> 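Here you go, one structure.
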Amino acid sequence: MAYALEVRGVSLRFGGVRALTDVSFGVNEGELFSIIGPNGAGKTSIVNCVSGRYTPTEGQLFYQGRDITGLKPNARAALGIGRTFQNLALFHHMTVLDNIMVGRHHLLKNNFITGSLYWLTGARREELEHRRKVEEIIDFLDLQSVRKATAGTLSYGLRKRVELARAMALEPKLILLDEPMAGMNFEEKEDMARYIVDLNEEYGMTVMMIEHDMGVVMDISHRVTVLDFGRKIAEGLPADVLDDPHVRKAYLGEEDEVLDALDDTNPVAEATA
Ligand SMILES: Nc1ncnc2c1ncn2[C@@H]1O[C@H](COP(=O)(O)OP(=O)(O)OP(=O)(O)O)[C@@H](O)[C@H]1O
């Protein structure tokens, strides 16, 4: 069976900088797949190649068996590839509700805000259906108490959650999460880990996640790929990847984090078990 996503021999250069060199991997349907690697390893570059923000210098990308290498980001979103951003990309002056609604714009058939035939056409029915979906996501991510709040006034952890809600609003089949826990405190990370597991298991979304927190990655991922200096150096089950000497070498400067992830007493690991 074809992979949900296949990255085949992808290289990416920015002038003299080789961000990615001949990277290949496949993400299975329904998998929670993570990409890790030290700073500058090429993780965000991979997400940008998959979402269509960057075009690989070489190689191809397949989504459900279809070559998407030449497709624009909008066309990929329309096929069911959603994403979150490492640096939040919310509309700070808009409410949480409206920010999430924006995530559905690919699915809008009618412009129900300006449509003069609003009450006569299916526009109102369509709007109600969109609102129902958005409310479902708000419930799922426990955002009820802030649904009318302006996004810019929320804590960082909540804003990251709204960002996830907006990506979910597209109803993607494949969701790309770029450091969903960056800058979060322990409780926020614990919550986010739970939501990611649930959106994978309950909503059936295939997940490709980039995350620095090794404890969380190793705890919730089905498989992990490791990049270093733009090349894939390891791939496999979390436990096998942690045992890989190449991975340990790549993370030499951050050895404690890797060792923490191996530690059974890791509190995030326990909380999400
Ligand atoms: N738009 C760009 N222009 C020039 N160089 C870039 C650009 N984007 C990424 N790079 C370079 O490509 C390499 C990989 O960067 P990338 O951001 O993909 O790594 P990363 O693993 O996501 O890093 P981090 O963990 O720090 O976010 C780095 O050397 C980076 O400086």
Side-chain angles (χ1 to χ4, degrees), residues 2-28 31-63 65 67-71 73 76 81 83-87 174-182 206-262:
Y3 287 114
L5 171 74
E6 187 186 353
V7 172
R8 200 185 287 173
V10 163
S11 297
L12 179 70
R13 280 189 294 277
F14 297 102
V17 178
R18 297 179 75 93
L20 297 167
T21 305
D22 197 19
V23 174
S24 296
F25 61 85
V27 181
N28 294 308
E31 202 168 27
L32 203 168
F33 185 92
S34 293
I35 301 174
I36 61 169
N39 288 333
K43 304 180 294 296
T44 298
S45 295
I46 278 284
V47 170
N48 285 334
C49 284
V50 175
S51 72
R53 209 171 193 203
Y54 294 162
T55 305
T57 318
E58 285 151 46
Q60 287 166 296
L61 297 140
F62 295 88
Y63 174 64
D67 189 341
I68 56 162
T69 319
L71 291 187
R76 296 187 200 196
I81 303 178
R83 72 168 294 178
T84 63
F85 291 85
Q86 193 172 335
N87 301 312
L174 168 68
I175 190 162
L176 315 172
L177 305 177
D178 194 349
E179 296 204 26
M181 290 149 206
T206 303
V207 179
M208 189 181 99
M209 174 174 81
I210 288 174
E211 180 51 50
H212 269 289
D213 189 308
M214 286 285 234
V216 178
V217 168
M218 295 305 166
D219 186 43
I220 71 175
S221 308
H222 298 145
R223 279 191 311 137
V224 179
T225 271
V226 190
L227 298 180
D228 192 25
F229 292 112
R231 290 177 188 272
K232 182 166 107 174
I233 58 164
E235 183 175 277
L237 300 174
D240 296 340
V241 162
L242 278 173
D243 274 346
D244 191 311
H246 297 102
V247 177
R248 290 192 165 263
K249 194 164 165 235
Y251 273 97
L252 217 51
E254 301 171 59
E255 191 89 17
D256 284 353
E257 260 188 70
V258 180
L259 294 176
D260 274 355
L262 277 174

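Just so you know, these numbers come straight off a predicted model, no measurement behind them. All values below come from the heavy atoms of this structure, side chains included, with hydrogens, waters and symmetry mates left out.
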> Using side-chain heavy atoms (C-beta onward) and a distance below 4.5 Å, is Asp228 in contact with Pro38?
yes
> Determine the minimum heavy-atom distance between Met208 and Val50, stating which atoms define it.
CE-CG2, 4.2 Å
> Is a side-chain N or O of Thr69 found less than 3.5 angstrom from the main chain of Leu61, in a donor-acceptor match?
yes
> Which class fits the ring pair Phe25 and Phe33: parallel under 30°, tilted 30 to 60°, perpendicular over 60°?
parallel
> State the CG-CD1 distance between Asp178 and Ile35, to the nearest 0.5 angstrom.
9.5 Å
> Among all residues two or more places apart in sequence or in another chain, which pass the ring-ring contact (aromatic ring centres under 6.0 Å, His included) test with Tyr63?
none
> Compare every heavy atom of Met181 with every heavy atom of Glu211, then report the nearest pair and how far apart it is.
OE1-N, 3.0 Å
> For Asp213 and Val216, indicate whether the former's side chain and the latter's backbone hold a donor-acceptor pair under 3.5 Å.
yes
> Under 3.5 Å, is there a donor-acceptor pair between the side chain of Arg223 and the main chain of Ser34?
no
> Count the heavy atoms of every other residue, nucleotide or ligand shown that sit under 6.0 Å from CZ of Arg231, and state whether that count exceeds 12.
no
> Around atom CZ of Phe229, are there more than 12 heavy atoms from other residues, nucleotides or ligands closer than 6.0 Å?
no
> Working to the nearest 0.5 angstrom, can you tell me the gap between Leu174 CG and Leu5 CG?
5.5 Å
> Does the side chain to side chain contact (heavy atoms under 4.5 Å, CB included) test come out yes or no for Met209 and Ile220, once each step is laid out?
CA-CA 10 Å; Met209 174 174 81; Ile220 71 175; 4.0 Å; yes
> Thinking salt bridges, do Glu58 and Arg13 make one under a 4.0 Å N-O criterion?
yes
> side-chain contact (heavy atoms from CB on, under 4.5 Å) with Leu12: which of Leu20, Ile46, Val17?
Leu20
> Checking Ser51 now: which residues fulfil side chain to side chain contact (heavy atoms under 4.5 Å, CB included) with it, not counting sequence neighbours?
Asn48, Arg53, Arg83, Leu176
> Under a 3.5 Å distance rule, please check whether Arg18 uses its side chain to pair with a backbone N or O of Gly230 as donor and acceptor.
no
> Might you point out which heavy atoms bring Gly9 and Ser24 nearest each other, and give the distance in Å?
N-OG, 2.8 Å
> Quick one: side chain to side chain contact (heavy atoms under 4.5 Å, CB included) partners of Thr55, sequence neighbours excluded?
none
> Could you pull out the closest heavy-atom pair between Ala19 and Ser45, with the gap in Å?
CB-OG, 3.7 Å
> Atom CD1 of Ile36 and atom NE2 of His212: how far apart are they, to the nearest 0.5 Å?
10.0 Å
> CG of Leu242 to CE of Met214: how many Å apart, nearest 0.5 Å?
6.0 Å
> Could you grab the distance from atom CD of Glu31 to atom OG1 of Thr206, nearest 0.5 Å is fine?
8.5 Å
> Nearest 0.5 Å please: distance from the CD1 atom of Ile68 over to the CZ atom of Phe62.
9.5 Å
> Between Lys43 (side chain only) and Gly37 (backbone N and O only), is there a donor and an acceptor less than 3.5 Å apart?
yes
> Over all heavy atoms of both residues, which pair between Gly236 and Val241 is shortest? Give the atoms and the distance, please.
N-CG2, 3.5 Å
